[in-house]
Amino acid sequence: MCGIVGAISKNRNVLPILITGLKNLEYRGYDSSGVAYLKNNKINIVKTSGKIINLENKLNKSDESNIGIAHTRWATHGKANSINAHPHRVNHITLVHNGIIENYEELKEMLIDNNYSFKSSTDTEVATALLDYYYEKFNDIDKAISEFMKKVIGSYAITMIVDNDLDSLYVLKKESPLVIGISDNANVVASDIRAVLKYTNKYYILDDFEYAKVSSNEVIIKDIKGDILKKELHAINVEDNDISKNEYKHYMLKEIMEQKSTILKTVKPYIEKGIDSLLILPDLTKYKEISIIGCGTAYHAGLVAKYLFEEVTNTRCNVYLASEYRYQNSFLSKDTLTIFISQSGETADTISSLKLVKSKNCPTLGIINVENSTISLLVDKCLYTKAGVEIAVASTKAYTAQVALLSILALSHGLRNKTIKEDDVLKVIEEFNNIEKLITTLLNNKDMYLTIAKKLYKEEDIFYIGRGLDYYLSMEGALKLKEISYIHSESYAAGELKHGTISLIKKNTPVLASATNNKLNAKTISNLKEVMARGASVYLITNTNYKDNTFTIVNIPKSSDFLKALLVIIPYQLIAYYTALLKGTDIDKPKNLAKSVTVE
Ligand code: G6P
């Protein structure tokens, strides 16, 4: 979602840092952008709707500045136009903001009573005016920030320039990520350190209710009381955070292809020394049950884990959508381990659910891709997936890394609670050691996926069905397709078709299914026959020898339960990719979607 970059330097022009930074944040999703910088001792603001190229075209090419702030906005309050775009300026204060000010209407009324007027429909302009109001009142920026933090309800990462202190950037943080990168040349503020990795890999993380004064040679971080804090300086590995597209047309295809190595990389520490290394993983036998929480694709990864924990290790496991969990009766207990799955580690609903569980002192575990992200720092214990940076909005390699790590966690649990024999555990480890070969074979089956995509891309409604684990995989398959091709695609438990959905089947309606469970395959195939009898075109992904020349069949290798999800999902991902390619959509940045959803 929204992105922030700010930079300050003694002798360097920071405008290229701001623009490159914004471009690096583009993948997160946005619909307008803007920049503010010091020009002839005055703040100059340039804003546009649409892509960053529009902003670049509007900027005076010869302008240079030593201090500036920039923003990509994903519209929440007010349309995606240049008035609502950030930066906002009210009297002495110019700022950019990520997050949502929940009590902005009440604050706006108070400010209007105090003679403030507003040009935009945003909550951010209200935040700007409120900071100005307190700054006028106290004539002291520390006091103004402290009062602001006490008064505002909601989330914010703010970077601002204060007119009477043009040698500093001020940054404030609550529930929305913000880091301060330092280098000899320039100090840079960003909502994601990876946006400014070209300039520095060393950074401070701000915690909630902390703020900082960033000048060209110094960073002073304070708490809400104004007391100076001593913070740890972090460093990020530049190589692991490579964001080049290489020879690929889309990041999504590059990321799908990378799965031949990312899955093994993620599980390797836990299998390289056989059974011994599996036991490095947390011991789950002390818990009666497991809860899993996530959003979107992460939620779907949780469902795969539910299948393994329940069906293979005989351990009860419930999976919740974070946006629902945070507002429902969660029946929390110390006997339940709650696992939070998130690629970014910054998803607002997942963070709120985590805070809820922590407030009751119940145990938590994170499965997170981004190091030092909010969730990774809040959970009791964090296991990192090693997918590397995922740029395409539609998640692929992060999902398979999550599934792989959860599968290995379930395997180690099965070993500990003796629901899986040691010999069988060793066989699964062997399978994981061979996974690169299996995945490569599936990735190379391009002609098959393209043939299917040619049949799908002109369709308006597509159905995905399955039973058990295959039902959970059909949910992820349908999500991939709708996210990037904009074709309406839905997933249903195959047994539910007759209870309603079958009325939607007409001549040539595509129905996709996977069948990888000997106990359920015949039933799924019967359901496919039922839809075929009503005119549907049927596509089946299976690891059986099932032959039927009225179906289009994608064969995948046979495997234990622990690898099935990884093998089924590759065809689903590539079918979605090629369908979107034929439709000509913006595959890496689908309309209206954001990579990291930092508001609820
Ligand atoms: C957004 C992204 C999805 C992702 C979901 C959860 O919807 O577009 O790809 O699955 O957020 O994100 P997280 O970072 O928590 O895994």
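Residue numbers count from 1 along this sequence. Note that ligands are numbered from 1 as they come in the structure, with each ligand's atoms numbered from 1 the same way.
You'll find the ring centres of Phe562 and Phe432 outside the 6.0 Å limit. The distance between the ring centers of His71 and Tyr30 does not fall below 6.0 angstrom. For His97 and Tyr156, the ring centers are positioned 6.0 Å apart or more.
Under 4.0 Å is where a charged nitrogen must lie from a carboxylate oxygen, and between Lys51 and Asp31 no such pair does.
Within the cation-pi definition used here (under 6.0 Å to the ring centroid, within 45° of the axis), Lys306 does not qualify as a partner of Tyr472.
Partners of Tyr104 under the ring pair (Phe, Tyr, Trp, His ring centres under 6.0 Å) rule, at least two apart in sequence or in another chain, are His77.
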List below, pair by pair, the N or O atoms of ligand 1 and of the protein that are less than 3.5 Å apart, including the distance to 0.1 Å; reply 'none' if no pair qualifies.
residue: ligand 1; atom: 8 (O); partner: Ala594; partner atom: O; Å: 3.0
residue: ligand 1; atom: 9 (O); partner: Val393; partner atom: O; Å: 3.1
residue: ligand 1; atom: 10 (O); partner: Thr297; partner atom: N; Å: 3.0
residue: ligand 1; atom: 12 (O); partner: Thr347; partner atom: OG1; Å: 3.4
residue: ligand 1; atom: 14 (O); partner: Ser342; partner atom: OG; Å: 3.4
residue: ligand 1; atom: 14 (O); partner: Gln343; partner atom: N; Å: 3.4
residue: ligand 1; atom: 14 (O); partner: Ser344; partner atom: N; Å: 2.8
residue: ligand 1; atom: 14 (O); partner: Ser344; partner atom: OG; Å: 2.6
residue: ligand 1; atom: 14 (O); partner: Thr347; partner atom: OG1; Å: 3.4
residue: ligand 1; atom: 15 (O); partner: Ser342; partner atom: OG; Å: 2.6
residue: ligand 1; atom: 15 (O); partner: Thr347; partner atom: OG1; Å: 2.5
residue: ligand 1; atom: 16 (O); partner: Gln343; partner atom: N; Å: 2.7

